[in-house]
Amino acid sequence: MSAFESEVIVRHIRFSNPETGWAVLDAAAADGTPIALVGPLIHLEERERAHVVGAWVTDSRYGRQVKVSQASPLPPADTDAEAVLAYLVRVKHVGAKRATRLIERYGPAATFEAIDADPHSAFAAAGIRGAALAEATRSWERLRVTRRLHLLLAPHGLAYLASRIRETYGDGAHRILSECPYELTSVFGVGFLIADRIARALGSAADGPERDRAAILHTLSEAERGGSTCMPVELLLGAARELLGDASELNEGDIDAFVRDGDLVREDGWIYRAATAELEAELAERVQELLAGAPGERLSDAGPPPENADGLTDEQMGGVANAFGHRLSLITGGPGTGKTASIRTIAILAAARQARVLLVAPTGRAAIRMHEASGMHATTVHSALGWIPGEGPTHDAHDPLRCDLLIVDETSMANLELLVTLLRAVGPKTNVVLVGDADQLAPVGAGKPFAELITADAVPSTRLTHIFRQAAGSMIVQGAHAIRRGEEPSFAATGDMRRDLFLIERADAATARDEIVSLVCERLPAHYGVDPIKDIQVFAPVYRGELGIDALNDALRDRLNPDGPRVRGGRLRIGDKLMMTGRNLHDLGLMNGTLLTLLDEVGGGEDAEDDAALLLAAEDQVFRLPPEQSERLRLAYACSVHRGQGIELPVAVIVAHPAAGAFFLRREMLYTAVTRAKLATVIVGSRDVVRRAARTPDTGRRHSRLAERLTRQPVASP
């Protein structure tokens, strides 16, 4: 390989991945020679100048290109009006017309200096008024901060992290990076090793207490991402020492020092991050308060009249009685066991008593299913809480939810933080019924509170086990219950069994991928009369490899949306199936995990005053997504089971193949994926992988002490 170092101009973005920072760009050298660049380049934009360092390589498919190790953005040349304009239109509310006015007013060489001196006056002179003027000024300041971050990060090949760091720390992000680099471990995508690399480059000590503290907090944060709320001290020490290296002298005394400083909480041999310890203790307290309280007056009768509950089993009737007789009760069960019928009956009986009923679920789709099943209005948890972006919920202990009965469906998807936030908003006379499937995949984030509440046996609980006749005729339902028991599901239909669960075995990975593409794009839509994009979801355990989520998304998009007009530098196409990821955008009503279709890109044209926004459709709603939020969109023709656990569609296609991370496919994941479909589930791969997954529960233990807190101080219900 021969070295490459030159100034270039970005001409076109062929591909970019916001999660990894990897991009493929078409660029031109100073003399106009075309160059293909690959590497951590997502921070560069079209028509932008950059100083690039790398090496020439030859790719078997794409030919000669530069593999980039560093790419530092450069300010536009003072005399290059086109480059200055390209930079200015990145400022919010400064479209091409206003950018041209600024350049004509100050000249290409002095435009940036004039804006820096007084951005408010400069943008006002360009014709921006009112609230848009303040937004443009803030946008300019953000752009300057991002540039400073690029200068600090680019030498380490990490400039793609600039926008995430800026979003987390605001206008002081560059100072945080310079003065407290280990704080970066709180930013998604910045692990300890990356923060350590930056810190060491900036001169931080190799054995300082800040480094030890960062390793411990990062280890605990990663454990929380895996579902734990705490860790045993010895396990924590071992994992943190592994991060710090063989020379680490980290010991239990150091952890105790961080406990005294308030960073950690120690309870016997368990260590928590302080905020997480407070949440777990608060949840236990709120559960105990609910159990100790008397039911609301409108719900305190012994139970519903039998004639209002026709068709319910004794198990279901027990759940109904608990809903009226206790301030907190739980209902759990697998598919086809009557959870929805229980919700409907409880809601109808409560409404008949003039009680105010509120139905909520963690996701929009689950809320829609609740509404369809009960005939009563249902909403998302965040919507019910009146969540305000940047501020949090409007309903809390001081302004509780106005209802006599709160029913929460799909509670198994709620992590510790979400359930605590919801229970804070429960009034002193409100009954709460939590409904879910305790055997489903654990929620994303710290804790598995619904399953732990079931396990603790401290809350009145109903486990539904009877499979109703209509559901019992489904191979999906029978297969799901077999998986739940640790058994291989049957793929052979018998008697009157409805054949809706299939296994297609393909040994070769490439052949299996072709099979999935054929199923999704042609055979399943033709057989079931469904839409291949809206009605079929592919689930896979891992992102990389021939049968990984990334490769499947590329292959499916090439068949289902090959000619969609390209937007966002070619990363997205009009007509794409997408998923919203990252934090919830409460102001737009867009939640993490929402499936979307990209309808159009509007604004941002030659004469537009504002940046282009994306129009997206979900169910019967249309959303306008600001350009700065577009990085949250991911292709979703295929997705992970974790990201798709709130999805319910007519048809599911599941990858269970040795070449697709078979080791990561566990019982809970397979069970959850199989139950996402209403019409048919097709598993592509190997029977051995399916059998192994069904027999293998999740071995990644989730450390939590919620059940212990509840059983340690049991509260007798009234």
Under the criterion side chain to side chain contact (heavy atoms under 4.5 Å, CB included), I'd like the reasoning laid out for Phe539 against Ser640: C-alpha separation, chi angles, the key distance, then a yes or no. CA-CA 5 Å; Phe539 296 102; Ser640 69; over 6 Å; no

Result of checking Leu418, Leu283, Leu279 against Pro449 for side-chain contact (heavy atoms from CB on, under 4.5 Å):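 Going through the options one by one, the only one that passes is Leu283.
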
Enter the distance from [X]:[atom1] to [Y]:[atom2] here, rounded to the nearest 0.5 Å.
X: Ile683; Y: Ile654; atom1: CD1; atom2: CD1; answer: 4.5 Å
X: Arg241; Y: Leu250; atom1: CZ; atom2: CG; answer: 6.0 Å
X: Leu633; Y: Met580; atom1: CG; atom2: CE; answer: 4.5 Å
X: Tyr543; Y: Ile549; atom1: OH; atom2: CD1; answer: 4.5 Å
X: Glu280; Y: Tyr272; atom1: CD; atom2: OH; answer: 3.5 Å
X: Arg286; Y: Leu419; atom1: CZ; atom2: CG; answer: 11.0 Å

Are any side-chain N or O atoms of [X] and backbone N or O atoms of [Y], one a donor and one an acceptor, separated by less than 3.5 Å?
X: Arg424; Y: Val426; value: no
X: Thr332; Y: Ala438; value: yes
X: Thr411; Y: Leu434; value: no
X: Asn431; Y: Ala323; value: yes
X: Arg667; Y: Ala694; value: yes

Hey, is CZ on Arg691 packed in by over 12 heavy atoms from elsewhere, all under 6.0 Å?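 More than 12 heavy atoms, drawn from other residues, nucleotides or ligands, come within 6.0 Å of this atom.
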
Does atom CD of Glu417 have more than 12 heavy-atom neighbours, drawn from other residues, nucleotides or ligands, at distances under 6.0 Å?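 Counting other residues, nucleotides and ligands, CD of Glu417 stays at 12 neighbours or fewer.
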
Please say which of Arg484, Arg485, Lys448 ends up in a salt bridge (charged side-chain N to carboxylate O under 4.0 Å, His left out) with Asp439.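 Between Asp439 and the candidates, salt bridge (charged side-chain N to carboxylate O under 4.0 Å, His left out) is satisfied uniquely by Arg484.
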
Picking from Glu282, Glu267, Glu285, what satisfies salt bridge (charged side-chain N to carboxylate O under 4.0 Å, His left out) with Arg709?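 The single option meeting the salt bridge (charged side-chain N to carboxylate O under 4.0 Å, His left out) with Arg709 is Glu267.
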
Contact between [X] and [Y] at the side-chain level, heavy atoms closer than 4.5 Å - yes or no?
X: Phe192; Y: Leu217; answer: no
X: Arg402; Y: His395; answer: yes
X: Pro335; Y: Tyr671; answer: yes
X: Ser342; Y: Val435; answer: no
X: His326; Y: Leu328; answer: no
X: Thr337; Y: Glu315; answer: no
X: Arg369; Y: Asp409; answer: no
X: Ile216; Y: Ile271; answer: no

Would Leu358 and Leu401 count as a side chain to side chain contact (heavy atoms under 4.5 Å, CB included) here? Give the steps. CA-CA 9 Å; Leu358 178 59; Leu401 295 166; 4.0 Å; yes

